[in-house]
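First comes the structure, then the notes that go with it.
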Amino acid sequence: MMERKHLSSIANHVLQRSAEELGSSVDHLVKEFEAKWTPEVGDYSKKLVEFCSSKALIKFCQNINEKISDGSYSRFTYDMMLAWDNPRAVDEESSTEESIGKEKEDRKIQVKEPTDEDDISLFYSDQMPLLVNHEPSVEEDAFMWLSSLIPLAADIVNRRFTFETLTAPTGRRLFYPAYDRFLKEINNCMRHLQKQAKPKGIELADDEFILHVEGTATSHRVVRHIGGSSWPVIAALELLTVEGTFLGRLTLTNYALYFEASGVINYEDALKIDLSRKIDHSVKPVATGPWGAPLFDKAIIYDSPDLQEGVLLEFPEITSSTRRDHWLALIKEILLMHNFLSDFKVECPIQAWEMHARTILSIIRLHAAREMLRIAPPSPTEFLIFSLYEELPKGDYVLEQLAQSLKRVNSGQPCSASSILRKLNLPEPNVLSLEAKIESEVSETIAVGKDDDNKTSLETAINQARKEGRGVAKARAVMGGLKEEGIGENATILTELLKPLRSVFPWFREILSWERPATTLLVFAAIILIVYKEWIGKALSAGLLLVVANMIRARQERLKDKQKEIVVCTGSDHTLSTRENIVSAQYGFLTVREIIKEANVTILKLHSVLVSRAHKHANTVMLAMIGLAIIFAVIPFKYLIIAVVFHSMITTSPLAKHMVNNQGGDRNRRLKEWWESIPPTPIRVINEAPVSPK
């Protein structure tokens, strides 16, 4: 074959390799492409590479399991990305020198950046020969393009985050050894999960697949705590009792969580926790320790209305809580996936299974990355779809666009997520027995230059979320640097002095929640009447006279002699056990400490806005204050108060809550995201007072 001079050498190689895979010739592929291509589409060379690569990739996907094992898939797709980066011959000579210089510059920049990975730089330097070679490297845009064709190395929704995590140790450049190893780890993880035994006494659904297992003889321990006991030392003594600690096997699927307690010879029947039901699930981290004291933060607790007691699972480790965090992220991902399918009413079986398949692949990628970087495991959210956009600002917008893109999904496509799982020897659900003839649509779309509007909208939403996520990350980094100081007896005294006010809050809660409709209506009517008639002064007078009457009553009853001092007890309650006193004191201390920390952060954020350290947020606050000033100057204040009372009365009523649905939650999320993105003013605590000049 005569090479085309306008193409780079790697582009010519990809065209020849594509023709061999398709059983055709390069000339035939070029003629087929030119019949559909127009100059308005874009660069001829790049579009030709895209056209030929996509057609060959469809053939590769039909036998992807074998091609990943022998390395041909990773080699071909990596060459595809190189050719996409440099399709023209005129760019090839300059790109070689520029890429070398850019790689050196990127590495220098990365060293200067203050990241959380500084502590593990030695590990990455030791692993560098396994991740880097002297071949040209791939840039982010090429990796994103490949991910849009086949969601194996990354999903289109989180491909940028995946690329950044995989290339963190190599200066944001992807080299072939790292790419090849990542794909092979994906294949190995898939085979490992297929070999796992099903939970005892459970029949898995047709489209239910095992995603993670621990607690077996060859893996780490998993402990379940039941009742008052919370320490694995007594597990052997209480194995047959209702309360106790149980070792066992924990299995996660795309529908449920299963725990099998270890018996004398075999596992007992599994306890099933259904994660797919539309109920008020709750899974969160929790600390365990002797007699219930929260000393070791290595456990999770699952709660739902169906359970009388939460399911407490501990993942013992010597140092960190990495295993617990990994399990927590996976369980939340499955919960969020089912919430997504329910909230956006994804009822088509093919579309629902495609979303299941994409979630399964994201979890497998996370497993592969953890195997690839064992000493410094990556953050789970960088690979998981729903957990990522649950945390990012405007993430709900991305999920809305994702739901729209699912409507165009057809699982008959050879390179869809469901088709990849099927080719990797996962059994096919019955709902996907019908195949669609769309193999030519991908290459035809590339040739004629059609852009999927759904993909464009999705990419716009993703970029917006990433941009705002960086601002929130900077603000949180500043907050993480704040020191947490101890708390003295003043907190205990304050808590004791505020006890009389505790009875007032339930009364207000009853009024606002309409638990007593007659009382609620009476209170709102009284407030509106007082404001409208401008009886606020009279109402304050009545309140003051009521306080005077109580003071006279206290004087007549000689309360000053009966209660000469306020006693604040800092000791333990003797009616409680030692264990309960320890737990109560620990949680009380943590609660007060968190309140003080939040108060400090709030003040620092307000200071940041007032001095315009957060310029964009300060502008928003100033515009809002100007608008309020105009409203207060034009509209009589009593009408504003009446409007606020009416709004509170209507929005808290059961009928309004039923009609408004989730709009209030969206507004609260926007406000919360705006508040979290405000960077607080940095604070530095010094031990010595500065020397003042004389």
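Computed from a prediction, not measured in an experiment: that's the story for all the values here. Just so it is clear, the values below take in all heavy atoms, side chains as well, and ignore hydrogens, waters and symmetry mates.
- Pairing each heavy atom of Ala299 with each of Leu312, the nearest pair is CB-CD1, 4.1 Å.
- Between the CD1 atom in Ile678 and the OG atom in Ser608 there is a gap of 7.5 Å [rounded to 0.5 Å].
- Summarising the geometry of Pro378 relative to Ala369, their closest heavy-atom pair is CG-CB, 3.8 Å, with the distance given to 0.1 Å.
- For the pair Arg365 and Pro151, the minimum side-chain heavy-atom distance is below 4.5 Å.
- For Lys394, the side chain to side chain donor-acceptor pair (under 3.5 Å) partners are Glu468, not counting sequence neighbours.
- With a 6.0 Å cutoff to the six-membered ring centre and a 45° limit on the axis angle, Arg670 counts as a cation-pi contact of Tyr397.
- Annotation: side chain to side chain donor-acceptor pair (under 3.5 Å) contacts of Asp303 (sequence neighbours excluded): none.
- Rounding to the nearest 0.5 Å places CG of Leu366 at 8.5 Å from OG of Ser379.
- Among residues two or more places apart in sequence or in another chain, the side chain to side chain donor-acceptor pair (under 3.5 Å) test is passed with Thr519 by none.
- Residue pairs satisfying the salt bridge (Lys or Arg N to Asp or Glu O under 4.0 Å) criterion with at least one member in residues 629-640, sequence neighbours excluded, are listed as follows: Glu534-Lys638.
- The salt bridge (Lys or Arg N to Asp or Glu O under 4.0 Å) search around Asp297 returns Arg324, not counting sequence neighbours.
- Under the 30°/60° scheme for interplanar angles, the aromatic rings of Tyr302 and His281 are found to be tilted.
- Applying salt bridge (Lys or Arg N to Asp or Glu O under 4.0 Å) to Arg160 and the options Glu459, Glu139, Glu382 leaves one that passes, Glu459.
- Residues Thr520 and Pro517 fail the side-chain proximity criterion, which asks for heavy atoms closer than 4.5 Å.
- With rounding to the nearest 0.5 Å, the separation of NZ in Lys332 from OG1 in Thr381 is 11.0 Å.
- To the nearest 0.5 angstrom, Lys533 atom NZ is 13.5 Å from Ile528 atom CD1.
- Looking at residues two or more places apart in sequence or on another chain, you find no salt bridge (Lys or Arg N to Asp or Glu O under 4.0 Å) involving Asp325.
- Residues Leu402 and Val157 have side chains in contact (heavy-atom distance under 4.5 Å, counting atoms from C-beta outward).
- Between the CZ atom in Arg172 and the CG atom in Leu166 there is a gap of 10.5 Å [rounded to 0.5 Å].
- Among residue pairs with one or both ends in residues 324-345, those qualifying as ring pair (Phe, Tyr, Trp, His ring centres under 6.0 Å) are His212-His326, His212-Trp327, Tyr255-His338, Phe315-Trp327, His326-His367, His338-His356, Phe340-Phe344, Phe340-Phe386; sequence neighbours excluded.
- Here the CG-CG distance, from Leu275 to Leu336, works out to 11.0 Å after rounding to the nearest 0.5 Å.
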Query raised in the report: Under the side chain to side chain contact (heavy atoms under 4.5 Å, CB included) criterion, do Val523 and Ile527 qualify, and how do the steps go?
Result: CA-CA 6 Å; Val523 171; Ile527 295 174; 4.0 Å; yes
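- Using a 4.5 Å cut-off on side-chain heavy atoms (C-beta onward), Pro377 and Thr322 make contact.
- The two residues Thr170 and Arg173 make their nearest non-hydrogen contact at OG1-O, 2.7 Å.
- Pairing each heavy atom of Ala352 with each of Leu341, the nearest pair is CA-CD2, 4.3 Å.
- When Ile385, Leu384, Leu392 are each tested for a side-chain contact (heavy atoms from CB on, under 4.5 Å) with Leu388, only one passes: Leu392.
- Considering every non-hydrogen atom in both Ile530 and Ala539, the closest pair reads CG2-CB, 4.0 Å.
- In this structure the side chain of Lys278 reaches within 4.5 angstrom of the side chain of Asp343, judged on heavy atoms.
- Electrostatic pairing of Glu673 and Arg669 counts as a salt bridge here, judged by a charged N lying under 4.0 Å from a carboxylate O.
- What you find for Leu361 and Ala417 is that their closest heavy atoms are CD1-CB, 3.8 Å.
- With sequence neighbours left out, Phe163 forms a ring-ring contact (aromatic ring centres under 6.0 Å, His included) with Phe143.
- Side-chain contact between Lys298 and Thr288 is absent, with no heavy atoms from C-beta onward closer than 4.5 Å.
- Judged as a salt bridge (Lys or Arg N to Asp or Glu O under 4.0 Å), and not counting sequence neighbours, the contacts of Glu557 are Arg553.
- Checked against side chain to side chain donor-acceptor pair (under 3.5 Å), Glu164 has the following partners two or more places apart in sequence or in another chain: Arg466.
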Query - From CA spacing to verdict: side chain to side chain contact (heavy atoms under 4.5 Å, CB included), Thr681, Lys605 - result: CA-CA 6 Å; Thr681 302; Lys605 285 193 174 190; over 6 Å; no
**Report entry** Derivation and outcome, side chain to side chain contact (heavy atoms under 4.5 Å, CB included), residues Gln404 and Glu400
**Finding:** CA-CA 6 Å; Gln404 291 295 325; Glu400 288 178 9; 5.9 Å; no
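- A heavy-atom distance below 4.5 Å is found between the side chains of Phe632 and Leu640.
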Donor-acceptor contacts under 3.5 Å from residues 609-623 side chains, at least two apart:
residue	atom	partner	partner atom	Å
His617	NE2	Ser677	OG	2.8
Asn619	ND2	His615	O	3.4
Thr620	OG1	Lys616	O	3.1

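- Between Leu330 and Glu333, every side-chain heavy-atom pair lies at or beyond the 4.5 Å cut-off.
- Listed by first and then second residue, the salt bridge (Lys or Arg N to Asp or Glu O under 4.0 Å) pairs involving residues 536-547 amount to none (not counting sequence neighbours).
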Requested in this report: Would you check, one step at a time, whether the test side chain to side chain contact (heavy atoms under 4.5 Å, CB included) holds for Ser362 with Asp155?
Outcome: CA-CA 7 Å; Ser362 70; Asp155 192 274; 5.9 Å; no
